[in-house]
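Encoded as structure tokens, the structure appears first; notes follow it.
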Amino acid sequence: ESAEQQAKFDQTIAAEISIEPRDWMPEAYRKTLIRQIGQHAHSEVVGMLPEGNWITRAPTLRRKAVLLAKVQDEAGHALYLYSAAETLGADRNDMVEKLIDGKMKYSSIFNYPTLSWADVAAIGWLVDGAAIVNQVALCRASYGPYARAMVRVCKEESFHQRQGFEAMMALAGGTKAQKQMAQDSVNRFWWPVLTMFGPCDDDSPNSAQSMAWNIKRFSNDELRQKFVDNTVPQVEALGLTVPDPDLKWNEETGHYEFGEINWDEFYAVVAGQGPCNHERIAARRKAWEEGRWVREAASAYAARRQQAA
Ligand code: ACO
């Protein structure tokens, strides 16, 4: 690694030109991207589980078809992201093995259960809504393959967000019991969704460097605020309430103020102690083990085809 290469990399970043797989990059930049893109890919895969739980119990055929398509989209997002990580030299099998061995993270939000149909609506509306706020910023991340994957992912996520809101609207405008189901779900998901943006800026060890490298364009707290500002009026439009007694509009700043997040709960969930962590990892391990013969057969077939050519 020469000073010249580093200087060229720094200039490229400063000029807002994307870094591409063949370009020289500092090892720490590569490592950070593999960490973040890998975690992101794992989140898409594990994120299929809470919603997949309701595919066989969707209330109508139309809702079932939409949910199937949506869950399939998440698998597609994982594929773009694993491919983006591979352009950095990461190995997909190695990443999956690290996930099921608890050595790589995935988003805390997917360790919460989906107890009712309203939770499926809440995931589409709130979880994918939060994901969009984070991912729109990542469309301008300095690493080309990651930024380009995010453009496509965001288009699909905005469909997911709207279908979630529409499903929530049906419940909120339904019977008293349906409206209560919608409110319960908002009550359970609101606070965990706010932690999707990561720890507060002062407690975010990776932020300063990731901002300097233009991987992150906004801080964790800035994106969290943007999500709250976008979403509170949507909750109100549904005739529902936000489970935060400290929430209030600040005329001067033009932002909502909100209560203290339970960071102890967040760190416990990230450390493996959330309500569904064991179940999620067990499901991924089972899929990995039961899919072994498919991977082996596909590799053997590809090798034979290559020999024949
Ligand atoms: N769940 C699990 N782990 C988290 C979460 C979360 N909600 N938020 C932060 N962390 C982890 C970080 O990965 C980091 O861990 P590590 O250093 O061991 O790798 C640690 O907590 C400290 O956080 P930060 O220093 O703030 O980490 P970072 O700069 O990576 O910022 C963020 C975290 C904002 C989540 C960033 O990684 C990111 O934008 N990732 C891409 C988006 C993504 O992964 N979305 C997945 C959910 S959306 C969906 O899949 C539908």
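One-based numbering, in listed order, for ligands and for the atoms of each. A quick note: this is a predicted structure, and the numbers were derived from the prediction, not measured. In this chain, numbering begins with 1 at the start of the sequence shown.
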**OP:** State, without any angle test, whether Gln273 and Asn277 hold a side-chain donor-acceptor pair at a distance under 3.5 Å.
**Re:**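 Gln273 vs Asn277: no donor-acceptor pair found between side chains.
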
**OP:** Report yes or no: do Gln225 and Asp221 form a side-chain donor-acceptor pair below 3.5 Å?
**Re:**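 Checked: Gln225/Asp221 side chains show no N/O donor-acceptor pair below 3.5 Å.
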
**OP:** Verify the neighbour count for atom CD of Glu251: are there more than 12 heavy atoms of other residues, nucleotides or ligands below 6.0 Å?
**Re:**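 At most 12 heavy atoms, drawn from other residues, nucleotides or ligands, come within 6.0 Å of this atom.
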
With a 4.0 Å cut-off on heavy atoms, is [X] touching ligand 1?
| X | value |
| --- | --- |
| Gly47 | no |
| Lys216 | yes |
| Tyr267 | no |

Give the numbers and elements of all ligand 1 atoms closer than 4.0 Å to a heavy atom of [X].
| X | value |
| --- | --- |
| Phe197 | 34 (C) |
| Gly198 | 8 (N), 9 (C) |
| Ala131 | 48 (S), 51 (C) |
| Asn134 | 34 (C), 38 (C), 39 (O), 41 (C), 42 (C) |
| Asn220 | 26 (O), 34 (C) |
| Tyr106 | 1 (N), 2 (C) |
| Tyr146 | 41 (C) |

For residues 299-309, which side-chain donor-acceptor pairs fall under 3.5 Å, sequence neighbours excluded?
{"from": "Ser299", "atom 1": "OG", "to": "Arg295", "atom 2": "O", "distance (Å)": "2.9"}
{"from": "Tyr301", "atom 1": "OH", "to": "Arg305", "atom 2": "NH1", "distance (Å)": "3.2"}

Applying a heavy-atom cut-off of 4.0 Å, say which part of [X] lies close to ligand 1: side chain, backbone, both or neither.
| X | answer |
| --- | --- |
| Ala130 | neither |
| Asn206 | both |
| Thr195 | backbone |

Side chain proximity check, [X] to [Y], heavy atoms < 4.5 angstrom:
| X | Y | result |
| --- | --- | --- |
| Trp213 | Tyr143 | no |
| Asn134 | Phe227 | no |
| Leu99 | Trp288 | no |

Ligand 1 N/O within reach of [X] N/O, cut-off under 3.5 Å:
| X | answer |
| --- | --- |
| Arg35 | yes |
| Ser108 | yes |
| Lys105 | yes |

Original post:
For atom 24 (P) of ligand 1, which candidate among Ser43, Ser204, Ser210 provides the closest heavy atom?
Top reply: Ser204

Original post:
Hey, looking at atom 40 (N) of ligand 1, which of Gln36, Gln39, His77 has the closest heavy atom?
Top reply: Gln36

Subject >> Flag, side chain of Arg280 to backbone of Phe110, donor-acceptor distance under 3.5 Å >> reply: yes

Original post:
Any donor-acceptor pair under 3.5 Å linking the side chain of Arg140 with the backbone of Arg217?
Top reply: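 Looks like no, no N/O pair under 3.5 Å.
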
Tell me: protein heavy atom nearest [atom], and distance?
| atom | value |
| --- | --- |
| atom 35 (C) of ligand 1 | Met196 O, 4.0 Å |
| atom 22 (C) of ligand 1 | Pro205 CD, 3.8 Å |
| atom 21 (O) of ligand 1 | Pro199 CD, 4.5 Å |
| atom 4 (C) of ligand 1 | Phe266 CZ, 4.0 Å |
| atom 47 (C) of ligand 1 | Ser107 CB, 3.6 Å |

**OP:** For a side-chain contact (heavy atoms from CB on, under 4.5 Å) with Glu156, tell me which candidate from Lys70, His77, Glu74 qualifies.
**Re:**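 Looking at Lys70, His77, Glu74, the match for Glu156 under the side-chain contact (heavy atoms from CB on, under 4.5 Å) is His77.
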
Subject >> Heavy-atom pair with the smallest gap, counting every atom of Asn220 and Ser204 >> reply: ND2-OG, 3.6 Å

Original post:
Is atom 43 (C) of ligand 1 in close reach of the protein, with a heavy atom under 4.0 Å away?
Top reply: yes

Subject >> Other cluster members, Ile132 - Ile/Leu/Val/Met/Phe/Trp/Tyr, side-chain contacts below 4.5 Å >> reply: Val136

Original post:
Does Trp54 have Arg57 sitting over its ring (NZ/CZ under 6.0 Å from centre, angle to axis within 45°)?
Top reply: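 Arg57 over Trp54 ring: yes.
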
Original post:
Would Met211 end up clustered with Leu223 when hydrophobic side chains under 4.5 Å apart are linked, directly or stepwise?
Top reply: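 Hydrophobic grouping puts Met211 apart from Leu223.
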
